[in-house]
Amino acid sequence: MTASADPGAGPAARPVPRLYAYGLLMRAAVKSQLQYRGNLLFGLAGGAAFQGVGLAFIWVVAARFGAVGGWSMAEICLLYGMRLTSHGLWVVPGNQLYFLDVTIQTGEFDRYLVRPTGVLPQLLARGIHLPVFGDLVTGLVILVGAAWRLGVPSSPGGVLYLLLALLGGAMVEGAFQLGISALCFRTLSNRSLRVLVDNVMNSFGGYPLKVFPAPARFVLTFLVPVAFVAYLPAAALLGRADDLHVPLWAAYAAPGAGPLLLWFAHVFWRAQSAQYSSSGT
């Protein structure tokens with residue numbers, strides 16, 4: 001059976017608005033998880049501990065050498081907090097993309113096609129992975145602490161830019177994961193590629209990119225756009241124009257990359273989902 005994954009509704013079904021359907025399904029998923037308060041607490045603690053290890057490693061490097069790429073520990077915490085908060089903002093609502101290959105291989109995806117709403121909201125709301133809330137909470141704590149320590153942003157315009165940067169960074173990471181996940185409609189599974197991109201974002205996103213050689217900076221800016229998640233906006237907020245390897249206007253415009261990349265990723269998703277072929281399971 002070959003069917004387009006976009007319509008997602010039978011001929012007699014009354015379409016349900018996608019955002020409304022997503023809200024209902026996600027609320028049900030969260031309520032089911034809240035029945036197990038112990039799991040929730042352990043999940044939050046696990047996510048916070050995992051991300052805290054990454055920051056601790058950077059702290060050890062900064063303590064040993066005094067600074068990393070000329071950035072103080074407080075500035076690195078701002079960068080790390082921005083990256084982690086953006087990561088949390090995308091992964092809390094989007095973590096079920098990691099299981100697209102499972103839904104295809106088991107035939108679960110077939111059920112999405114006959115329900116009167118879009119398939120993407122159904123996929124995203126099929127469940128919730130508790131440790132991702134730890135990522136978001138840890139990122140916010142680090143970000144607020146670093147911003148208070150540095151006194152940035154220092155104006156309402158700066159606060160607005162920071163908020164846009166966080167949302168834009170979340171969209172950048174989400175766009176890459178959405179586009180990579182869409183390849184599952186042809187390859188059935190590409191988990192290793194998704195894990196690789198996730199590891200690149202986590203491993204390099206918390207460092208000032210000036211510490212890397214020029215070829216690495218090019219890759220982390222234009223091929224896997226880690227720089228647009230947090231580094232470019234953080235450098236703009238901190239007034240570190242001399243550290244940039246792109247024009248200053250590009251750093252200030254970095255939040256705009258998120259919506260653009262997410263739009264392209266969604267177009268790609270629709271094109272690839274149209275090639276979906278049921279596994280027959």
Side-chain angles (χ1 to χ4, degrees), residues 48 50-89 135 138-170 172-173 176 197-258:
F50 177 80
Q51 297 297 342
V53 167
L55 181 61
F57 179 80
I58 298 177
W59 177 82
V60 169
V61 173
R64 174 67 178 82
F65 298 101
V68 177
W71 288 47
S72 69
M73 190 61 207
E75 291 172 323
I76 292 174
C77 283
L78 181 75
L79 170 61
Y80 196 93
M82 289 178 65
R83 187 210 66 81
L84 188 54
T85 300
S86 289
H87 172 74
L89 288 174
D135 294 357
T138 304
L140 286 171
V141 169
I142 295 172
L143 174 59
V144 171
W148 177 82
R149 175 70 176 81
L150 294 167
V152 295
S154 57
S155 67
V159 173
L160 177 60
Y161 178 79
L162 174 59
L163 295 176
L164 292 176
L166 295 175
L167 291 174
V172 168
E173 190 169 349
F176 250 67
V197 171
D198 193 52
N199 286 339
V200 169
M201 293 283 186
N202 284 328
S203 299
F204 298 101
Y207 288 91
L209 292 193
K210 66 175 295 183
V211 305
F212 301 113
R217 291 198 299 270
F218 178 86
V219 170
L220 295 173
T221 303
F222 301 109
L223 298 184
V224 183
V226 175
F228 287 89
V229 176
Y231 174 67
L232 295 181
L237 281 170
L238 293 169
R240 285 187 162 274
D242 293 341
D243 292 345
L244 295 172
H245 55 287
V246 297
L248 181 59
W249 65 263
Y252 280 111

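Hydrogens, waters and symmetry mates are skipped; everything else that's a heavy atom, side chains included, is used.
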In this structure, CD of Glu75 is separated from CZ of Arg240 (nearest 0.5 Å) by 4.0 Å
Mark yes when over 12 heavy atoms from residues, nucleotides or ligands other than Asp242 sit less than 6.0 Å from its CG; otherwise mark no. no
For Arg149 versus Ala74, what's the shortest heavy-atom pair and its separation? CG-CB, 4.0 Å
From Leu89 atom CG to Thr85 atom OG1, the distance as rounded to the nearest 0.5 Å: 6.5 Å
Hey, could you give me the CG/OG1 distance between Leu143 and Thr138, rounded to the nearest 0.5 Å? 12.0 Å
I need the minimum non-hydrogen distance between Tyr161 and Ala236, along with the two atoms involved. OH-CB, 3.9 Å
Taking the side chain as C-beta and beyond, is there a heavy-atom pair between Ile142 and Met82 under 4.5 Å? no
As an exercise, state the distance from CZ of Arg217 to CZ of Phe204, rounded to the nearest 0.5 Å. 13.5 Å
In sequence, state the C-alpha distance, the side-chain angles, and the governing distance for Met201 and Val224, and then conclude on side-chain contact (heavy atoms from CB on, under 4.5 Å). CA-CA 8 Å; Met201 293 283 186; Val224 183; 4.2 Å; yes
Looking only at heavy atoms, what is the nearest atom pair of Leu166 and Ser86, with distance? O-OG, 2.9 Å
Could you grab the distance from atom CG of Asp135 to atom CG of Asn202, nearest 0.5 Å is fine? 7.5 Å
Within-4.5 Å side-chain heavy-atom neighbours: Val68 and Pro208: yes
Could you tell me if the ring centre of Trp71 sits under 6.0 Å from that of Tyr231? yes
Do Val246 and Phe228 have side-chain heavy atoms sitting under 4.5 Å apart? no
Nearest 0.5 Å, what's the CG-CG distance between Leu209 and Leu79? 8.0 Å
Are side-chain heavy atoms of Val219 and Val226 found at a separation under 4.5 Å? no
Determine the minimum heavy-atom distance between Pro153 and Gly158, stating which atoms define it. CB-C, 3.3 Å
